[in-house]
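This report refers to the structure that appears directly beneath it.
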Amino acid sequence: MNFSAELIAWYTDNKRDLPWRNTTDAYIIWLSEIILQQTRVEQGMPYFYRFAERYPTVTAFAAAHEDDILKLWQGLGYYSRGRNMLKTAQLVQQQYNGVFPVSYHQLIKLKGIGEYTAAAISSFSANEARAVVDGNVYRVLARYFGIDEPINSPKGKKTFQKIADDVLDNARPALHNQAIMEFGAMLCKPKNPACGICPVRMDCIAFKTNATTCLPVKLKTVKIRKRYFNYMLISDGEKILMNKRNEGDIWANMYDLPLVETPELMDIVELLQLPQMKNLGSNIALKDNSAIIKHVLTHQQLYIRFLILKDFPKELQENWFYADIENLKNLALPKPIFIFIKYFFNF
DNA sequence: AAAACGGGGAC
DNA sequence: GTCCCAGTTTT
């Protein structure tokens, strides 16, 4: 058996029963693939069920409002995925009369669909011979063929895509793609791969040279920025002052609280002297100085503090509005905001 | 070519 | 703490 056949044989015996594997509906496959981008299967699963139930067709999805999509997406992260999905659903409804495209060339043009996702949807729903290259595939190929080129450099991406194309079983691309990804996720894991039970270990360069822990190679780039968010919670017990976030920053188009961002961590007394704080109202009465919460994102560390103020400000800024406490459950809130509001109002 | 974009789980 | 997850878009 060749490499692909070995993987498929392993897959046939060891695959998980995942809901999106029981359909060729391109819309359902698309739903699952976007949700699973940079997301573990276990984390994405409940979201997949919720979306598939709420929006059974792309036509239903296209009719949704962005606020509803973001709310259902709440907690999953990378929210541009949800916003792009709505744009794509609307385009599919209009341009394709609600029939989700299945060819790679059509798919690759859609918002939120890149090379991986176009290959995944076209192969899974129409058996088009396109090789997927995701994090699992990079790892499996790097180890098996002993490739030490960085997987996150443009050159490396091309190298791995070519190898993936070469090993693809053109007669059964869908099965091959599922198999190699499942193999990477379950057996050829990042840490502690199960080489002892691996069916291809005798042909695996990394196994033979004891290099599994060194592969794949990845360039580290992350520069982490620290930011200091001072949120104002102002409520009369019935209404609460909220803010809709702009695009061009984290949590685009989601809802948080009036925010004063400072370049560094400030003493609470100094903070209250800032002009932005004074604009919030003449009689700022601090009822509580809560702890500073550290919230970690991929490129940012947020140090978040919530100040509970007494009175509503006289003038509202551009994106501020009053929300009924009851209505908060309908607003898409970033994780730390959601946690705090839930705690504060005892939801 | 590099940076931005969330949140969580495994070690 | 570090790494990475069924990646894509923007700069």
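Computed over heavy atoms, backbone and side chain alike; hydrogens, waters and symmetry mates excluded. These numbers were taken from a predicted model, which means no experiment stands behind them. In what follows, chains carry the letters A, B, and so on, assigned in the order in which the sequence lines appear, proteins first and then strands, with residues in each chain numbered from 1.
For the pair A:Arg40 CZ and C:dC3 C1', the computed distance is 9 Å after rounding to whole Å. The CG atom of A:Leu36 sits 8 Å away from the P atom of C:dA6 (whole-angstrom rounding). The interatomic distance linking A:Lys191 (NZ) with C:dC4 (C1') rounds to 9 Å, in whole Å. Per the geometry, OH belonging to A:Tyr78 stands 14 Å off C1' belonging to C:dT10, to the nearest Å. With rounding to whole Å, A:Lys335 atom NZ is found 9 Å from B:dG8 atom C1'. As a whole-Å value, the separation of A:Tyr138 OH from C:dC4 C1' is 14 Å. Remark: C1' of C:dT9 and CG of A:Asn152 are 16 Å apart, rounded to the nearest angstrom. The interatomic distance linking A:Lys220 (NZ) with B:dA1 (C1') rounds to 19 Å, in whole Å.
At the heavy-atom level, A:Ile151 lies nowhere under 4.0 Å from the strands shown. Heavy atoms of A:Trp20 sit under 4.0 angstrom from at least one base atom. The residue A:Ile113 sits close only to the backbone: its heavy atoms come under 4.0 Å of sugar-phosphate atoms, none of a base. Within the nucleic acid shown, A:Lys218 comes within 4.0 Å of sugar-phosphate atoms alone, with no base atom in reach, counting heavy atoms only. A:Arg139 comes within contact range of the sugar-phosphate backbone alone, with a heavy-atom separation under 4.0 Å but no base atom that close. Nucleic acid contact class of A:Gly114 (heavy atoms, under 4.0 Å, all strands): sugar-phosphate only. A:Glu42 comes within contact range of no nucleotide atom at all, as no heavy-atom separation falls under 4.0 Å.
At B:dG7, none of the side-chain N or O atoms of A:Gln38 fall inside 4.0 Å of OP1 or OP2 (strictly under the cut-off).
With hydrogens and angles ignored, no donor-acceptor pair under 3.5 angstrom links the side chain of A:Thr117 to the base of C:dG7. Between the side chain of A:Arg225 and the base of B:dA3, no donor-acceptor pair under 3.5 Å is found.
Remark: of the listed residues A:Lys226, A:Arg225, A:His295, A:Lys226 is the sole one forming a side chain to side chain donor-acceptor pair (under 3.5 Å) with A:Gln301. Under the side chain to side chain contact (heavy atoms under 4.5 Å, CB included) rule, A:Trp10 has a single partner from A:Ile197, A:Ile180, A:Leu187, which is A:Leu187.
With no hydrogens or angles considered, a side-chain donor-acceptor pair links A:Thr39 and A:Arg81 at under 3.5 Å. Between A:Gln74 and A:Lys71, the side chains place a donor N or O and an acceptor N or O closer than 3.5 Å (distance only, hydrogens not considered).
Closest to the side chain of A:Arg81, from the set B:dC5, C:dT10, B:dG6, is B:dG6. The listed nucleotides are B:dC11, C:dT9, B:dG7; the one nearest the side chain of A:Asn192 is B:dC11. When distances run from any side-chain atom of A:Met181 to the nucleotides C:dA6, B:dG6, B:dG7, the shortest one goes to C:dA6.
At least one cation-pi condition fails for A:Arg54 and A:Phe51: the charged atom is not both under 6.0 angstrom from the six-membered ring centre and inside a 45 degree cone around its axis.
Distance noted for atom P between C:dT11 and B:dG6: 14 Å (whole Å).
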A:Tyr255 and A:Phe321: CA distance, side-chain angles, deciding distance, ring pair (Phe, Tyr, Trp, His ring centres under 6.0 Å) verdict: CA-CA 10 Å; A:Tyr255 297 91; A:Phe321 66 98; 5.7 Å; yes
